[in-house]
Chemist: 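Just passing along the structure, written as C-alpha cells.
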Amino acid sequence: MDNKTQSNFIQAIIEEDLATHKHEQIITRFPPEPNGYLHIGHAKSICLNFGLAKEFHGKTNLRFDDTNPVKEEDEFVKSIQEDVKWLGFTWDQLLFASDYFDTMYEKAKLLIRKGLAYVCELTPDEMREYRGTLNEPGRNSPYRDRSVEENLELFEKMKSGAFPDGSRVLRAKIDMSSPNINFRDPILYRISHNTHHNTGDKWCIYPMYDFAHSLEDAIEGITHSICTLEFEDHRPLYDWVVKECEMEHTPRQIEFARLNMTNTVMSKRKLKLLVDEKVVDGWDDPRMPTLSGLRRRGYTPESIRNLCFEIGVAKASSVVDSQMLDYFLREDLLPKAPLGMAIIKPLKVVITNYPENEVEYVEIENNPKNEDMGTRKLPFSKELYIEQEDFMEVPSKKYFRLFPGNEVRLKGAYFIKCNDVIKDSDGNAIEIHVTYDPETKSGSGFTGRKVKSTIHWLNAKEALPCEFRFFEPLIEDDKEENQGKHFLEQINPNSLCIKSGYIEREAVKNAKPLDKFQFVRHGFFNVDTKYTTPEKLVFNQIVPLKSSFKVNNYS
RNA sequence: AGGGUUAUCGCCAAGCGGUAAGGCACAGGAUUUUGAUUCCUGCAUUCGAAGGUUCGAAUCCUUCUAGCCCUGCCA
C-alpha cells in the first residue's frame, strides 16, 4: 500500500509534534462501538488512523468502545475485525474499553475524593429540567453538596447493585451555568443491570462516553485521538477528565469531518432498520454501504482506500460524489479483472455464408491491459448471440454498431455485415442474417477496410446461462415527492434488478465467489457469495463501464 | 446567556501576505479489436458578503451573512 495522500492539517500537527519531540512515536486508535457493522464512513476513519500511524512509523490500536451493555454484541466485534483486516490494516493491539472498568472505577473514586464528583438522585426528567437550555443556564442539583464520605458510600452501593437502573448516577461537579452544555455536571456513571458481552454480570454500573473515552486514550498512551466533528464541544471535557483524573499521558483530541456520500445512507440506525425490516438481505446485502456489503457487491479494498486518501481530510462538512468511488474501482479493476463476453438480452445471429456444423476456435486476450493474464480460445460457428442493443434496424444518428448494410467486427473474430432481419408478428427483430468475411479474421493483419465498432458475441450452442444482478441506490433523495416521507417509504423499490443472460463458458471456467470480471459493454461484475451455486453463476454488477452507460433497458 | 465550528470551480480539496495546485465530473479532439482505457485540449481575472490595512490580501483587521453540531442515564 503506497497510497499518495492529500496533505492535511492532522499531518501538520503530527509533523510538528514529532519535530518538537513532544512525541517520539505516535499512537492512534480506531475505537468503534460494537453495535453494528462498519460502513464506508468508518473506512475514512480507519484509513486516517491507521494510515497516519503508518506514515509516521507509529502504532494503531483497535479498541472496542464497549461501555453500553444494551447495544453491543459479539457478532459485531467479530465483523469489525474482519472488515478492518479486509481493508488491509493491521492493529498493534486489540483492546476493549471494558477491560479498563476497574481503573475507571478507581478514577471515579479519585474524583469523588477531590470533591469533583457526586452521586445524584434526580430523575431523568428532573435532570433535563435542571440542565437548562441552550440559552439559559442550568441549576445546581440538590444532591450536589453531599460529603465526600457519603458520595463514596453511595457510589460503592451503586456498584454493588443496591439500586435499580436509573435511580442514581455519578456526576462530575463542574459548572451548571457553563455555555458548553457538556460542562453542566455531566454524568460519569449510570446504573444498568444488563449482561455485558465482555464482562458478563460483573458490573451493573457503566461509565459514560466522555469519562470513559478520555481515560481509554490516556491509559493506552494515545498521542492523537482522531474523531469526528460532533465531538468538538466535548474536547474541553475530555481534557478536564484527563487532567482531574491525574493521568500520566495527555492525549490530544483532533476532529475531522465525517464522510458523506451521494446516494448513500450512512446512518447506522437506518441501516439497522433496513436489516431488521428485511428490506435487504442482511448487513452484507450488495446494496448496503457497509464494508461487508461493498465486499459482496465487489468493491475492492484498494478502491476504498484510494478514495479515502484522495478525498482528503478537513473540517468542512462535505458530501463526496459516489462517482469518485466508482472511478477508483474501475481504475483498480481494469488491469486485474479478466475481460469476458456476456449477453444480457440475446439476439440470434446466423452467418449465412459460414459452413453448417463447423466450429473453429478463436484466440482472445484475457485482459488487453495485462498481457500476463494470457489468452483463451472461444468456439465460433454459424449461430451466435449478440446483444439486442448492438443491433438497430433503423439506426439513430450516432449509432455505429450493427444495422442493415453496416459492417462491424465480432470481437476476436471476423467482420460481419447485416443483410436480413427476421421479425416476429409484432415487428420485433428476432433473428438477423449476416455474412462474414474470412479475410478479416482477428490477428490476420487484415487492413483492407475499417469498421467503426467491435461488438461482443457468444456461440449460441456454447452459451452458459447465468444470472446478473443490477443495483440502484437504496434511496432516491433527489425526488421531491419523497421529501418528508418516512425513511422506509423513500426507499427505491427498484433498487435490485435480476436478469437472466448468457456467458461464455471459457472465461468463467474456474469462477468462484468474489472473483471479479469485466464484461464487454456491461462493466465490472463480481461473483456473488450467497446465490452462486455449482449449477448457476450469479454476478453482481459492481459498476458499469462508465456512469453514462447506466442501464435503461435492463429492466 | 448561548456555545462550538465551517465557508476556495457542479463535487472533494491544496493554499497560511507575493498575484488561485490536484483529483472527480463535464465538454471538445486524437488513438483504440471494449462507444472502456490511454492521450492531448478546455473548464475560478477569483476565494460567502461588505468595508479596512498593505506596493501587494483567498491569506491580516472589522462588521455582516449562511451552513453544520450541542439541551441521551447513546457513542
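Quick note on labels: first sequence line is chain A, next is B, and so on, each numbered from 1.
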Chemist: Contact class for K450(A) (heavy atom, under 4.0 Å): base, sugar-phosphate, or nothing?
Modeler: sugar-phosphate

Chemist: Describe the nucleic acid contact of E255(A) in one word from base, sugar-phosphate, nothing, applying a heavy-atom distance below 4.0 Å.
Modeler: nothing

Chemist: Suppose you measure atom P in C55(B) against the same atom in U63(B); what distance do you get, rounded to whole Å?
Modeler: 24 Å

Chemist: Does the pair E389(A)/R521(A) count as a salt bridge with the N-to-O cut at 4.0 Å?
Modeler: yes

Chemist: Tell whether E136(A) reaches the base of U71(B) with its side chain through a donor-acceptor pair below 3.5 angstrom.
Modeler: no

Chemist: Would R168(A) count as a cation-pi partner of F163(A), with NZ or CZ less than 6.0 Å from the six-membered ring centre and within 45° of the ring normal?
Modeler: yes

Chemist: Between the base of U37(B) and the side chain of K369(A), is there any donor-acceptor pair under 3.5 Å?
Modeler: yes

Chemist: Can you pull every protein N or O that's under 3.5 Å from an N or O on nucleotides 2-4 of chain B?
Modeler:
from: G2(B); atom 1: N9; to: L134(A); atom 2: O; distance (Å): 3.2
from: G2(B); atom 1: N2; to: P179(A); atom 2: O; distance (Å): 3.4
from: G2(B); atom 1: N3; to: L134(A); atom 2: O; distance (Å): 3.1
from: G3(B); atom 1: N2; to: D233(A); atom 2: OD1; distance (Å): 3.1
from: G3(B); atom 1: N2; to: D233(A); atom 2: OD2; distance (Å): 3.4

Chemist: Using ring centroids (six-membered ring only for Trp), state whether Y238(A) and H234(A) fall under 6.0 Å.
Modeler: no

Chemist: Say you pick atom P in U5(B) and the same atom in G23(B); how far apart are they, in whole Å?
Modeler: 33 Å

Chemist: Pull out every residue in residues 436-446 of chain A that has a heavy atom closer than 4.0 Å to any atom of RNA chain B, ordered by number, or say none.
Modeler: S442(A), G443(A)

Chemist: For the residue pair L294(A) and I304(A), what are the closest heavy atoms and their distance?
Modeler: CD1-CD1, 3.9 Å

Chemist: Which residues pass the side-chain contact (heavy atoms from CB on, under 4.5 Å) test with P179(A), not counting sequence neighbours?
Modeler: none

Chemist: For the side chain of Q518(A), counting heavy atoms from C-beta on, which of C24(B), U34(B), A1(B) is nearest?
Modeler: U34(B)

Chemist: Taking atom types as modelled, is there a side-chain donor on H522(A) or E387(A) under 3.5 Å from an acceptor on the other?
Modeler: yes

Chemist: Any Lys/Arg nitrogen of D185(A) or R139(A) sitting under 4.0 Å from an Asp/Glu carboxylate oxygen of the other?
Modeler: no

Chemist: Identify all pairs in which a protein N or O lies below 3.5 Å from an N or O of nucleotides 73-75 of chain B, and state each distance.
Modeler:
from: C73(B); atom 1: OP2; to: R131(A); atom 2: NH1; distance (Å): 3.2
from: C73(B); atom 1: N3; to: G166(A); atom 2: O; distance (Å): 3.2
from: C73(B); atom 1: N4; to: L122(A); atom 2: O; distance (Å): 2.9
from: C73(B); atom 1: N4; to: G166(A); atom 2: O; distance (Å): 2.9
from: C74(B); atom 1: OP2; to: R190(A); atom 2: NE; distance (Å): 3.3
from: C74(B); atom 1: OP2; to: R190(A); atom 2: NH2; distance (Å): 3.2
from: C74(B); atom 1: O3'; to: R190(A); atom 2: NH2; distance (Å): 3.2
from: C74(B); atom 1: O2'; to: N68(A); atom 2: ND2; distance (Å): 3.1
from: C74(B); atom 1: O2'; to: K71(A); atom 2: NZ; distance (Å): 3.2
from: A75(B); atom 1: OP1; to: T67(A); atom 2: OG1; distance (Å): 2.8
from: A75(B); atom 1: OP1; to: R190(A); atom 2: NH1; distance (Å): 3.3
from: A75(B); atom 1: OP1; to: R190(A); atom 2: NH2; distance (Å): 2.8
from: A75(B); atom 1: OP2; to: Y209(A); atom 2: N; distance (Å): 3.0
from: A75(B); atom 1: O3'; to: D65(A); atom 2: OD2; distance (Å): 2.7

Chemist: Should R63(A) and E216(A) count as an ion pair when the cut-off is N to O under 4.0 Å?
Modeler: yes

Chemist: With rounding to whole Å, what would you report as the distance between U62(B) and U53(B) at their C1' atoms?
Modeler: 11 Å

Chemist: Reading RNA chain B from 5' onward, which residue's closest nucleotide shows up sooner: G138(A) or K315(A)?
Modeler: G138(A)

Chemist: Scan side-chain atoms only and decide if S192(A) and N194(A) contain a donor-acceptor pair under the 3.5 Å cut-off.
Modeler: yes

Chemist: Look at the rings of Y206(A) and F101(A) and say which category their plane angle falls in: under 30° parallel, 30 to 60° tilted, over 60° perpendicular.
Modeler: perpendicular

Chemist: Classify the side-chain pair T199(A)/S98(A) by whether it contains a donor and acceptor separated by less than 3.5 Å.
Modeler: no

Chemist: Which value, in whole Å, describes the distance between the P atoms of nucleotides C64(B) and A58(B)?
Modeler: 23 Å

Chemist: When the C1' atoms of A13(B) and C9(B) are considered, how many whole Å apart are they?
Modeler: 11 Å

Chemist: In whole angstrom, give me the gap between the P atoms of A25(B) and G18(B).
Modeler: 33 Å

Chemist: Over how many whole Å does the gap from E363(A) atom CD to U33(B) atom C1' extend?
Modeler: 14 Å

Chemist: If you look at every strand shown and take non-hydrogen atoms under 4.0 Å, does K452(A) touch a base, only sugar-phosphate, or nothing?
Modeler: nothing

Chemist: Output the single nucleotide from A1(B), A36(B), G35(B) whose closest atom is nearest the side chain of T454(A).
Modeler: G35(B)

Chemist: Rounded to whole angstrom, note down the C1' distance from U6(B) over to C24(B).
Modeler: 23 Å

Chemist: Any strand is fair game: report the nucleotide pairing with A36(B) by Watson-Crick or G-U wobble, both distances under 3.5 Å, or none.
Modeler: none

Chemist: In terms of the nearest nucleotide of RNA chain B, which residue is placed more toward the 5' end: M176(A) or V520(A)?
Modeler: M176(A)

Chemist: To the nearest 0.5 Å, how far apart are CE in M158(A) and OH in Y105(A)?
Modeler: 9.0 Å

Chemist: Who is the Watson-Crick or G-U wobble partner of G72(B), with both distances under 3.5 Å?
Modeler: none

Chemist: Quick check on the 6.0 Å ring-centre criterion: do F525(A) and F517(A) meet it?
Modeler: no

Chemist: Where do N or O atoms of nucleotides 7-11 of chain B meet protein N or O atoms at under 3.5 Å, pair by pair?
Modeler:
from: C11(B); atom 1: O3'; to: V319(A); atom 2: O; distance (Å): 3.3
from: C11(B); atom 1: O2'; to: V319(A); atom 2: O; distance (Å): 2.8

Chemist: Would you mind classifying the nucleic acid contact of Y399(A) as base, sugar-phosphate or nothing, using non-hydrogen atoms under 4.0 angstrom?
Modeler: base

Chemist: Does K411(A) make a cation-pi contact with W457(A) (under 6.0 Å, within 45 degrees of the axis)?
Modeler: no

Chemist: What residues form a side-chain contact (heavy atoms from CB on, under 4.5 Å) with L52(A), not counting sequence neighbours?
Modeler: I10(A), Q11(A), I14(A), L48(A), E55(A), F56(A), I226(A)

Chemist: I need the F539(A) CZ to D515(A) CG distance, nearest 0.5 Å.
Modeler: 9.0 Å

Chemist: Between A57(B) and A20(B), how far apart are the C1' atoms? Round to whole Å, please.
Modeler: 12 Å

Chemist: Syn or anti: how is G29(B) classified when any glycosidic angle within 90° of 0 counts as syn?
Modeler: anti

Chemist: Is there a side-chain contact between R330(A) and the phosphate of A36(B), meaning an N or O under 4.0 Å from OP1 or OP2?
Modeler: no

